[in-house]
2 protein chains.
Amino acid sequence: MTSTTQTATDTRWLDDRQQRLWRSFLGGSTAFFDQLDRDLRREHDLSMPEYEILVRLSEAPEWTLRMAEVASQVAHSRSRITHTVSRLERAGLVERESCLSDGRGVNAKLTDAGMDRLRDAAHTHVGGVRRYLMDNLTEEEFEIIGQAFERVRGDLNGQGF
Amino acid sequence: MTSTTQTATDTRWLDDRQQRLWRSFLGGSTAFFDQLDRDLRREHDLSMPEYEILVRLSEAPEWTLRMAEVASQVAHSRSRITHTVSRLERAGLVERESCLSDGRGVNAKLTDAGMDRLRDAAHTHVGGVRRYLMDNLTEEEFEIIGQAFERVRGDLNGQGF
DNA sequence: CCGCTATAGTTGCGGCTTCAACCAACTGCC
DNA sequence: GGCAGTTGGTTGAAGCCGCAACTATAGCGG
């Protein structure tokens, strides 16, 4: 036990192998997410964050969700959701309505136009996720990656926040 | 063979399990990268992209790299590198000098102040990568993730365009 | 019922990124 | 040697995001 003691300020640096792996993940995921976003913008005039919000709304009863609920589902700040929903509203894809049960609350509701746009964009998006990501992974790898980041997210939401 | 035929415009949707895994990865990596960025800004007044550039320069001979080389190493657009290096230059962490062997070229060079800042920030950054990511993963998982995204990146740089 | 604190959401500003347009220098080819 | 196309890099505008400050409502204890 004695030799493994570390003070809080010591840093466990990465060895060469870990460096390579970390940078591969960083570079690969960066390139991947950028590409998804570009495709969506070019073909459907939607950003990834905008698309994600439309997806969550489309799955909710009445196509409606509280702002805070949207925020927590897509893992974005409340402020960001406000900004993004405002843009979507300006584009006519989403509507805001005040929440009956809570005077502070605001509901975001998908419009028909929003649903139409989402249906189109989904082809591009899912196609990209498959081509760029899943088609380069085995089933097992994909499973491992999903499970791993589930833990990462749980950890950050738990003690992290 | 007959029943598996697909036209180019058909979309292979994700089943429920794939959806869950994909969203876990998306949400987890989003939360993770956001946290890394926040930590760096709060404690060292550096963004992740800025930090990444400092790292690459610090590893180059003469602490110097061509702009395009920086861009390709960190997987960012040239324009983005121009902007980010300009900010770093304004902060005195990097200097620009014109490239002797190619009249179009511009070298970015780390300054002593830049190296000092990088040394401080590295503790925060690596600590975050370990705590938020690696400590939640087994060795095998980390290896798999690194290798997988190496392929993803290669694929995007290759046939991508 | 009052006041205190916590929560929901918005706002404005400043910083970061993208895109398209642009200039300049290199390359190859006739 | 000069023109055509390519590559390296920058620029400015517009969009996107984070942060801190703010308003308003909810909930709770006295």
Side-chain angles (χ1 to χ4, degrees), chain A residues 30-31 33-54 64-91 93-109 161, chain B residues 30-31 33-54 64-91 93-109 161:
Chain A
T30 299
F33 287 126
D34 285 0
Q35 186 65 47
L36 280 189
D37 192 66
R38 244 193 314 279
D39 289 351
L40 230 34
R41 287 176 193 276
R42 180 168 25 78
E43 297 180 24
H44 305 283
D45 196 28
L46 278 179
S47 68
M48 265 279 282
E50 288 169 346
Y51 174 83
E52 287 181 70
I53 291 177
L54 296 186
T64 299
L65 240 33
R66 289 282 296 269
M67 298 294 280
E69 181 57 26
V70 176
S72 99
Q73 284 197 31
V74 301
H76 290 164
S77 71
R78 285 163 201 267
S79 164
R80 189 168 170 180
I81 297 300
T82 294
H83 287 305
T84 308
V85 166
S86 297
R87 267 176 274 134
L88 288 169
E89 197 175 20
R90 234 176 290 127
L93 307 181
V94 161
E95 282 170 354
R96 261 186 248 250
E97 45 188 40
S98 50
C99 178
L100 299 176
S101 60
D102 185 337
R104 300 165 298 180
V106 172
N107 288 327
K109 180 168 171 41
F161 73 97
Chain B
T30 299
F33 287 126
D34 284 0
Q35 187 65 46
L36 281 187
D37 192 67
R38 247 193 313 278
D39 289 351
L40 230 34
R41 286 175 192 276
R42 180 168 27 78
E43 297 178 24
H44 305 284
D45 197 30
L46 277 180
S47 67
M48 265 279 283
E50 288 169 346
Y51 175 83
E52 287 181 70
I53 290 177
L54 296 186
T64 299
L65 240 35
R66 289 281 297 268
M67 298 294 279
E69 182 58 24
V70 176
S72 99
Q73 284 197 30
V74 301
H76 291 165
S77 71
R78 285 167 203 270
S79 164
R80 188 169 170 180
I81 296 301
T82 294
H83 287 302
T84 308
V85 166
S86 297
R87 268 177 273 135
L88 288 169
E89 196 176 20
R90 235 176 288 127
L93 307 181
V94 161
E95 282 170 354
R96 260 185 249 250
E97 45 188 41
S98 50
C99 179
L100 299 177
S101 60
D102 185 337
R104 300 165 297 180
V106 172
N107 288 327
K109 181 169 172 39
F161 61 96

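This one's a predicted model, so the numbers in the text were calculated from it and none came from an experiment. Order of the sequence lines fixes the chain letters, A, B, ..., with proteins taken first and strands second; residue numbering starts at 1 for each chain.
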Contact class for A:Asp102 (heavy atom, under 4.0 Å): base, sugar-phosphate, or nothing?
sugar-phosphate

Non-hydrogen atoms of B:Met67 and B:Ile81 that approach each other most closely:
CE-CG2, 3.8 Å

Compare side-chain N and O positions of A:Arg66 against OP1 and OP2 of C:dG9 and report whether any pair is under 4.0 Å apart.
yes

Taking A:Arg41 first and then A:Asp37, would you say they form a salt bridge - that is, a charged N and a carboxylate O separated by under 4.0 Å?
yes

Give the nucleotide from the list D:dG8, C:dT10, C:dC19 with an atom nearest to the side chain of A:Val106.
C:dT10

Out of D:dC16, C:dA8, D:dT6, which nucleotide sits closest to the side chain of A:Glu50?
D:dC16

Backbone N or O of A:Ser86 within a donor-acceptor pair of the A:Glu89 side chain at under 3.5 Å?
no

Please tell me which of the listed nucleotides, C:dA24, D:dG9, C:dT18, lies nearest to the side chain of B:Arg80?
C:dT18

Where do A:Arg66 and A:Gly105 come nearest, in terms of heavy atoms and distance?
NH2-CA, 3.5 Å

Heavy atom of residues 81-90 of chain B under 4.0 Å from DNA chain C: which residues?
B:His83, B:Thr84, B:Arg87

Let's see if you can work this out: which of D:dA20, D:dC16, C:dA6 has an atom nearest to the side-chain heavy atoms of A:Ser79?
D:dA20

Nearest to side-chain heavy atoms of A:Arg104, which nucleotide of C:dG9, C:dC26, C:dT7:
C:dT7

Charged N to carboxylate O under 4.0 angstrom, A:Glu50 versus A:Arg87?
yes

Report yes if a side-chain nitrogen or oxygen of A:Arg96 is closer than 4.0 Å to either non-bridging phosphate oxygen (OP1 or OP2) of C:dG9; otherwise report no.
no

